[in-house]
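Worksheet: one structure, shown below.
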Number of protein chains: 2
Amino acid sequence: MAGGGTTAGRSVTARALAVLGAFDSTAPRLTLSEIAERSGTPLSTAHRLLGELTGWGALHRRPDGRYEIGRRLWDLGLLAPVQLELRQVAAPFLLDVHTATRDTVHLAVREGRSALYVERVSGRESVPVVSQVGSRLPLHATGVGKVLLAAAPDDVVEAVLRAPTRETRHTVVEPARLRREVAEVRRRGYARTAEEMSLGTLSVAVPVWVERPAGPAVAAALGIVVPSHRRDLLRLVPVLEVAARGIGRELARADAFR
Amino acid sequence: MAGGGTTAGRSVTARALAVLGAFDSTAPRLTLSEIAERSGTPLSTAHRLLGELTGWGALHRRPDGRYEIGRRLWDLGLLAPVQLELRQVAAPFLLDVHTATRDTVHLAVREGRSALYVERVSGRESVPVVSQVGSRLPLHATGVGKVLLAAAPDDVVEAVLRAPTRETRHTVVEPARLRREVAEVRRRGYARTAEEMSLGTLSVAVPVWVERPAGPAVAAALGIVVPSHRRDLLRLVPVLEVAARGIGRELARADAFR
DNA sequence: CCTGGCCTCCCGGCCAGCGGAAGGAGGCTG
DNA sequence: CAGCCTCCTTCCGCTGGCCGGGAGGCCAGG
């Protein structure tokens, strides 16, 4: 019997987490063997862990035998600070902007070298966009991304400028030009893009400033995406600014309250 | 050394899950000792598990030392079917209803003997309501709850009627009267409440029917909450019905697509 | 300076978890 | 309809990873 001989130092918890980690947005529903393979766990081990995770409610087993994320993990996820603080505070303001403009409105925060989309309001008549809540998109090719990039520490800016991906034929990838854009965003207080992430859409975005004991900081970026035939893009900047200031004020209050 | 002697059969995974389970909406931020106590885990064991969970990103440790749910669990939660299928399909329709009415709109599903609030659209000018995304409220005291109750199997109805909680002085708790209301909801196709869950608000709700291979079924309930001085509550029923039918159709399509 | 609360780290015994392998269920093919 | 394949479930004895008491550190308050 091989026994635990080949466990290679991975702890039980690490294996259980690896099993959970097998799920992602490209694979939200998996069979036992897929999970075993994706998590690098022997079949029978995966089977046992899945039994426990399912029993607790972290996962759910469908009638067809496949596994998916369970309600209990959904619940836990709702307790994450990004959800509990940012989203709940910001949602009504995004709604205001959407009501005034009828376009797709986004709220994103920086996570490493990506923009993490935290909230989105988009009706059925809005332009189709790639971003969803939970998506991570590059900092250099979206409106909210550029705002977050302009507010990021220098080492992040340098790392992003070193290898900007080309998303469409309009994506700006020249480091010098990106550097100029970042400076411009800092000066003007808003960012704009034209078909740099997906063809047929323009975007503008502004920072959400929050007063903290340590001084003002950019906590998020608020942006709007419109079809590319629109001419009056900059008209939206004041609308976004009003909402962003409202969000910032509420966040500062929430911070003070702890 | 006590060793594993007193483990009482709880598996490692069960302990790790117990640690996660220490978090809930009333306690989204916890210290090590609180977690140890709430999860019934010895301090040093909790400490070790927290280290692993934090390392993986399931939890996050704040500068002040307390733990909270991490981004990675938030991500995973977004993959739950309730989020991925229902919410994403329904969100634009809730938005439509909100735009037309400016009131707070809810989508809920039944989970056991509770109504689980899955999505909510509410501006800043809407009436304040207790429900949040992820809340569980009683089936007998809310609009969406009554709709879900009317669609529930008999044993659930009986169980709910046996011990209805009194939420406000207007809550209907007499089993006979509740039974009559359920029959009425089934006949009329909508439910209404008047200050039964929180004072100062009325609500109406309709079922979301989905065509399935096994026949039509109520997948969710769509409801709206308005301040109690409004007189034209029933005017909203057709609005909700249009949206509910739209959601049902999209869900059936999504089902077919798998 | 002491006290108390809270966190971090250490260590050796022991049992819970490990995973290969056999067997079952179901579906597709020739 | 037999044969084959894929996928899932269960079994079981060995062993290495987990357990948790306790020592010690850190910090705030008295």
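Everything numeric in this text was worked out from a predicted model, so none of it was measured. Below, chain A is the first sequence line, B the second, and so on; all start at residue 1.
Residues satisfying the side-chain contact (heavy atoms from CB on, under 4.5 Å) test with R249(A), not counting sequence neighbours, are none. Under the rule for a ring pair (Phe, Tyr, Trp, His ring centres under 6.0 Å), the partners of Y117(B) that lie at least two apart in sequence or sit in another chain are H106(B). E34(A) is linked by a side-chain contact (heavy atoms from CB on, under 4.5 Å) to L30(A), T31(A), counting only residues two or more places apart in sequence or in another chain. With sequence neighbours excluded, the residues satisfying side-chain hydrogen bond (donor to acceptor under 3.5 Å, both in side chains) with R38(A) are D24(A). Residues satisfying the salt bridge (Lys or Arg N to Asp or Glu O under 4.0 Å) test with R87(B), not counting sequence neighbours, are E119(B).
Legend: side-chain hydrogen bond (donor to acceptor under 3.5 Å, both in side chains) pairs involving residues 47-59 of chain A, not counting sequence neighbours, sorted by first then second residue: E52(A)-S11(B), E52(A)-T13(B). Each salt bridge (Lys or Arg N to Asp or Glu O under 4.0 Å) pair with one or both residues in residues 69-84 of chain A, not counting sequence neighbours, appears once here: R71(A)-E111(B), D75(A)-R136(B).
As a whole-Å value, the separation of I35(A) CD1 from dT6(D) P is 19 Å. Separating the CG atom of L49(B) from the C1' atom of dC18(D) is a distance of 9 Å, rounded to the nearest angstrom. Straight-line distance from the CD atom of E52(B) to the P atom of dG17(D): 12 Å, rounded to whole Å.
Each end of the helix from dC1(C)-dG30(D) to dG30(C)-dC1(D) yields a helix axis from five base pairs, and these two axes differ in direction by 40° (to the nearest 10 degrees).
Side chain of R29(B) to main chain of R66(B): no donor-acceptor pair is present (N/O by atom type, distance under 3.5 Å, no hydrogens or angles).
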Listing, residues 205-217 of chain B side-chain donor-acceptor contacts under 3.5 Å, not counting sequence neighbours, or none:
{"unit_1": "R212(B)", "atom_1": "NH1", "unit_2": "D255(B)", "atom_2": "OD2", "d": "2.2"}

Output side-chain donor-acceptor pairs under 3.5 Å for residues 148-166 of chain A, partner residues at least two apart or in another chain, one line each.
{"unit_1": "E158(A)", "atom_1": "OE1", "unit_2": "R179(A)", "atom_2": "NH1", "d": "3.4"}
{"unit_1": "E158(A)", "atom_1": "OE2", "unit_2": "R179(A)", "atom_2": "NH1", "d": "2.8"}
{"unit_1": "T165(A)", "atom_1": "OG1", "unit_2": "E167(A)", "atom_2": "OE2", "d": "2.8"}

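Distances shorter than 4.0 Å separate none of the side-chain N or O atoms of S11(B) from OP1 or OP2 on dA16(C). The phosphate of dG20(D) (OP1 or OP2) has a side-chain N or O of R15(B) nearer than 4.0 angstrom. Contact check, R48(B) against dC10(C): no side-chain N or O comes under 4.0 Å of OP1 or OP2. Put simply, T45(A) has a side-chain N or O that comes within less than 4.0 Å of OP1 or OP2 on dG19(C).
Using a 4.5 Å heavy-atom threshold, the side chains of L86(B) and P81(B) count as separate.
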Reading nucleotides 3-8 of chain C 5' to 3', which nucleotides get B (base under 4.0 Å from a protein heavy atom), which S (sugar-phosphate only), which -? ---SBB
Table of protein N/O atoms under 3.5 Å from nucleotides 23-27 of chain D N/O atoms:
none

